[in-house]
Amino acid sequence: MLDTSDPGHPRAWQPLAGSAQAVVLEVLRAGPRPRTELAARLGLSGPSLSRITRPLLESGVLVERDGIQQTGTGRPSIPLDIDADAHHFIGVKLTGDGLFAVSTDHRGRVLTEREEPLPDRDVSAVVARIAAVVADVTATDSRIRALCVAVGGATEGRSTIRRAPFLGWQDVPLAALLTAATGLPASVENDVRALTHAEHWFGEGRDHRSLALLTVGAGIGLGLVVGDAVVDGAHSTAGSIGHQRLGGAVGASDLQCEFGHRGCARAVLSARALALTGSRALDRTVTAAELLDVARQGDPRARTVVDTAAEALGLLVADVVNVVDPEVVLLSGELVGIAEVGRDALDRSVEAARHWSTPAPTLIAQPFRFNEWARGAAAVAIQMHALGA
């Protein structure tokens, strides 16, 4: 139920349980739904749904939207919804040298965003910087309810950063430090897993029970949704696919990743790998992003490099499809342009490497902005808040 006892936090949220929680989460994820559809999706009878939703409507957790006339006769169907603007959240993405922050509404829609340099990686300095960002946001928005920080690295229990190579951190209890500094419930999450949660609840995976999210950028990441739940793994490290071997394919056998592997995903697909191969092909120094721009303009040397990378990405996609058989494979990250520019090579590679018994998945290359990482963190804050975790 809602607790209105604290005037500083109007319409504060009290965690729900059981069928009431299931109803609210269904509406939160799926959007406005008529009672008959809600009952069918949740396996509830009409009277049971009415009994569950009555107190939720009375307390303001749920609201009624304008009726939908589904047929020419009869009463209009009244969809139930949440007030997505009643509760707001902050998501932060940390890199080795930058901080990206967004505030969102209850459905993960970005309301504000900001980007700042991170000149000092010391834990206390970063905590102070995040706290300053939170203070700036909450000064004009009293509806902020929770905060989450996403990092490239290993996290545990959404409370501790076990290792963040780009920051040089190890065993940092960041969630507790942020709660002490901001007064908000705080959590931490791996950046790819956070983005997977956002896509699962509010994006391409919203209407699917299985999803694979492959991100390509400085590193290679994988997020999985299986059985309508994000896969965490025994040690919250599921998705560590960056060093998956690609069978010595794609003509990059002389390139090594930072661990000396030849032909692994990072050695072929990462920003570093594309910059190296692109610079060789063009006989001048280019970044991975510049290589993609040149390829888009039709330079045959750049196109060859990008098509080769797209083939490698196709092998990685096929590995995931053969093991998990997801309904949707979503490609994202700073270098998603590999899938866009080299789409024909990508599709051929997936088809050649996909097991004959595995249906071809829906493959989506999603345009990417860096604040998507921060939005993913906000989605985790929304989950933690909604579930009372």
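Position 1 is the first residue of the sequence, and the numbers go up from there.
Checking each of Val23, Leu28, Val27 against Leu25 for a side chain to side chain contact (heavy atoms under 4.5 Å, CB included) leaves exactly one that passes, namely Leu28. Test Leu178, Leu94, Val149 against Val126 for side chain to side chain contact (heavy atoms under 4.5 Å, CB included) and you get one pass: Leu94.
Under the 4.5 Å side-chain contact rule for hydrophobic residues, Leu111 and Leu184 do not share a cluster. Linking ILVMFWY residues whenever their side-chain heavy atoms come closer than 4.5 Å, directly or via other members, places Val324 and Leu211 in the same cluster. Both Leu118 and Leu174 are assigned to one and the same hydrophobic cluster, defined by single-linkage of ILVMFWY side chains at heavy-atom distances under 4.5 Å. When hydrophobic clusters are built by joining Ile, Leu, Val, Met, Phe, Trp and Tyr residues whose side-chain heavy atoms come closer than 4.5 Å, directly or via intermediates, Phe166 is not grouped with Val172.
Listed by chain and residue number, His88, Arg143 satisfy the side chain to side chain donor-acceptor pair (under 3.5 Å) test with Asp85 (two or more places apart in sequence, or in another chain). Under the rule for a side chain to side chain donor-acceptor pair (under 3.5 Å), the partners of Thr95 that lie at least two apart in sequence or sit in another chain are Asp97. The ring pair (Phe, Tyr, Trp, His ring centres under 6.0 Å) test applied to Phe202 returns no partner, not counting sequence neighbours. With sequence neighbours excluded, the residues forming a ring pair (Phe, Tyr, Trp, His ring centres under 6.0 Å) with His243 are Phe259, His261, listed by chain and number. For the ring pair (Phe, Tyr, Trp, His ring centres under 6.0 Å) test, residues two or more places apart in sequence or in another chain that qualify with Phe100 are Phe370.
With respect to the salt-bridge test (charged N to carboxylate O, under 4.0 angstrom), the residues Asp347 and Arg343 qualify. The pair Glu64-Arg35 meets the salt-bridge criterion, since a charged nitrogen lies less than 4.0 angstrom from a carboxylate oxygen. The pair Glu372-Arg375 counts as a salt bridge, with a side-chain nitrogen and a carboxylate oxygen less than 4.0 angstrom apart. Ion pairing between Glu26 and Arg41 holds under the 4.0 Å rule for side-chain N and carboxylate O.
Atoms CG and CG, on Leu331 and Leu363 in that order, are 5.0 Å from each other to the nearest 0.5 Å. Separating the CH2 atom in Trp169 from the CZ atom in Arg121 is a distance of 10.5 Å, to the nearest 0.5 Å.
Taking Ile, Leu, Val, Met, Phe, Trp and Tyr as hydrophobic and joining them when side-chain heavy atoms fall under 4.5 Å apart, one finds Val102 in a cluster with Val110.
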Using the salt bridge (Lys or Arg N to Asp or Glu O under 4.0 Å) rule, take Asp120 and Arg129 through it: C-alpha gap first, then chi angles, then the decisive distance, then the call. CA-CA 10 Å; Asp120 189 346; Arg129 186 65 255 156; over 6 Å; no
Would Asp83 and His106 count as a side chain to side chain donor-acceptor pair (under 3.5 Å) if you check the C-alpha gap in whole Å, the side-chain angles of each, and the deciding distance to 0.1 Å? CA-CA 8 Å; Asp83 181 356; His106 213 157; over 6 Å; no
